[in-house]
Protein chains: 2
Amino acid sequence: MTTADTKSIPERKRGSGVRMVYDLLRDEILDLVLPPGSPIDEVQLAERFKMSRTPIREALVRLAGEGLIDTLPNRSTMVSNIDFLNMHTYFDALVLMYRVTTRLAAEHHRAEDLKVIHARQAEFAAAVQAQDALAMIATNAALHSAIAEAGRNPYFTGLFNRLLDEGRRILRLYYQSYNDRLPQRFVDEHEDMIAVIAARDVDAADRLAKAHAEQIVHQIQKLFTRNERLDMAL
Amino acid sequence: MTTADTKSIPERKRGSGVRMVYDLLRDEILDLVLPPGSPIDEVQLAERFKMSRTPIREALVRLAGEGLIDTLPNRSTMVSNIDFLNMHTYFDALVLMYRVTTRLAAEHHRAEDLKVIHARQAEFAAAVQAQDALAMIATNAALHSAIAEAGRNPYFTGLFNRLLDEGRRILRLYYQSYNDRLPQRFVDEHEDMIAVIAARDVDAADRLAKAHAEQIVHQIQKLFTRNERLDMAL
DNA sequence: TGCATTTTATTTGTCGACAAGAAATCGACG
DNA sequence: CGTCGATTTCTTGTCGACAAATAAAATGCA
């Protein structure tokens, strides 16, 4: 294998390059590795991935379609800003989707759904145990996405996943600042929610989901008002 | 100026070609001019619009991002099918968004919002009067979009507009089959909804929106079960 | 004739290059 | 010394062409 190492990864399947750069950029943006306002350079990405600008451009178009990057015509393209001003409107939408999806899960779940949900919850608990903030975000989103799937309404799950993605950056800030305090409380609340889902108690599911969501929102808003004061102090 | 007329419309602003073909294809798909399953040929569009395949490709990527077209890798791309099987889940989502946006409009609207809403309602009434099905769809969506805007939650309005677009093809089928019977009832229901929004009666707004949405859903489902029977008879 | 395999043909995905647009740099003039 | 304008530079948008992948057609064989 001495002749092949001139190019370590020369082989790329025909349609895979776009998804690769799309997934990577998406993750880097949502995990705040690329903070809001970061410039996105096409040629830089092109030589980094050893491909032409065309597939990179396609990935950027997709990201722009999801609102993760902003493209000024004929000018630069950059990572979109987090809309702190309308954050409360985001949380209103998030709470509603939490409630709806959990309620529907209690109504329509099947046996196989519960297995997936329990597995996701175990992964979340493990992430909390390991104090891995990034894993907490991912597994938490995966758990709630699984709950939404159990509700058997693809439109709701689509809207919900969209919202979760949009908020992943805010959650990242949240977990970033709280990685000392273990959110064990979330684990317990999740357990309660899963229990009432399994029991098909629709009203309780709605109530617990509302409380769970509003608790998170309250924590985050507390964090941001504190940060606001810090910003003003500067 | 005899040398310049070899190309009648050679001038195109630099970034406008993409939006042009995007808007056109989008309208043609949503208005069922391009029915589900229609093949989309890149080179055909390229020569039709007198431009390279690159900007057409970008427009197609955007449309695929919104789920309006399906792209099989390395193979054809076609207009996406309407998901009749999960249609009731769509209506569940639509009813909920109708309720939420109308409720929020009653809560948060301002004086200038009512002006816009009244204007949209007048346009819808005019479309009904003229028995213009396409205009009914457009003005009805515009009216409800304006109501959502008055709710001052950009996330809800975004999700709602997305849903309205996805359902525009179903509504097209609906109005197509009912263009003899005037949906004057919708006009009246709209008037009632606008009245309670103006009165800031949140509960009544929620109730009327729910009834309005469910009435529409009921009509459409009635239509489709009838069509189902017709299909079975073939 | 029927089936498997090769060949052709068509369509997509990718590339390198060029042109347009806007910011930055430089220079001239008041 | 500052301001306005031209030029340069840098990035994006577009183009034409080529390569890969797949379906369709053609060929060979039993």
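Model, not experiment: these values are computed from the prediction. Lettering of chains follows the sequences in order, A, B, ..., and the numbering in each one begins at 1.
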What is the distance, rounded to the nearest whole Å, between atom [atom1] of [X] and atom [atom2] of [N]?
X: B/Ile56; N: C/dG13; atom1: CD1; atom2: P; result: 14 Å
X: B/Glu47; N: C/dT10; atom1: CD; atom2: C1'; result: 14 Å
X: A/Lys13; N: C/dT14; atom1: NZ; atom2: P; result: 14 Å
X: A/Glu58; N: D/dT14; atom1: CD; atom2: C1'; result: 16 Å
X: B/Leu60; N: C/dT14; atom1: CG; atom2: C1'; result: 16 Å

When rounded to the nearest 0.5 Å, the distance separating CD of B/Glu166 from CG of B/Asn161 is 11.5 Å

Next item on the list: Give, for atom CG of B/Leu25 and atom CE of B/Met20, the distance between the pair rounded to the nearest 0.5 Å.
Entry: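 If we round to the nearest 0.5 Å, B/Leu25:CG and B/Met20:CE are 12.0 Å apart.
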
For B/Arg14, the side-chain hydrogen bond (donor to acceptor under 3.5 Å, both in side chains) test, sequence neighbours excluded, returns A/Asn74

Quiz item: According to the interplanar angle, ranging from 0 to 90°, do the rings of A/Tyr98 and A/His144 count as parallel (below 30°), tilted (30 to 60°) or perpendicular (above 60°)?
Solution: tilted

Practice prompt. Would you kindly say whether A/Arg169 and A/Ser80 are connected by a side-chain donor-acceptor distance under 3.5 Å?
Written response: yes

* Judged by atom type as modelled, is there a donor-acceptor pair below 3.5 Å linking the side chain of B/Thr157 to the main-chain atoms of B/Pro154? -> yes

Report, one pair per line, the protein and nucleotides 15-19 of chain D atoms (nitrogen or oxygen only) whose separation is under 3.5 Å.
residue	atom	partner	partner atom	Å
D/dC15	OP2	B/Ser52	N	2.6

*Salt bridge flag under 4.0 Å for residues B/Arg26 and B/Glu66*: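 Looking at B/Arg26 and B/Glu66, the cut-off is met.
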
Item checked: Any residue of residues 70-80 of chain B with a heavy atom less than 4.0 Å from an atom of DNA chain D ->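 The stretch gives B/Asn74, B/Arg75 as the residues lying under 4.0 Å from the strand, ordered by number.
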
